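The structure appears right after this line, and notes come after that.
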Amino acid sequence: MTAIPLGVPRRLVEFTLDEQEVRVPEGSTILDACRAAGKDVPTLWLWCGLQPHAARAGQ
């Protein structure tokens with residue numbers, strides 16, 4: 001049997017996005033939450049190689 005390191009569990013942050021309840025791990029970005037909810041959000045900074053400057057959920 002092989003051991004799989006799981007790491008420290010993080011609490012989930014809950015909020016409403018377009019009338020849909022979304023739960024993401026603490027420290028997730030708003031973009032992470034949108035993707036988890038299946039929302040398409042344009043992200044030009046990914047193409048340009050820029051770093052995001054958004055607040056992190058739950059912090």
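As the structure is a prediction and not an experimental result, all values here were calculated from the model.
The shortest non-hydrogen separation linking T16 to E21 is OG1-OE2, 2.8 Å. Nearest heavy-atom pair across A36 and V24 is CB-CG1, 4.2 Å.
For Q20, there are no side-chain hydrogen bond (donor to acceptor under 3.5 Å, both in side chains) partners two or more places apart in sequence or in a different chain. Not a single salt bridge (Lys or Arg N to Asp or Glu O under 4.0 Å) links D40 to another residue, sequence neighbours left out. Every side-chain contact (heavy atoms from CB on, under 4.5 Å) that L17 has, sequence neighbours left out, goes to F15, V22, C34, A37, K39.
P25 places none of its side-chain heavy atoms less than 4.5 Å from the side chain of V13.
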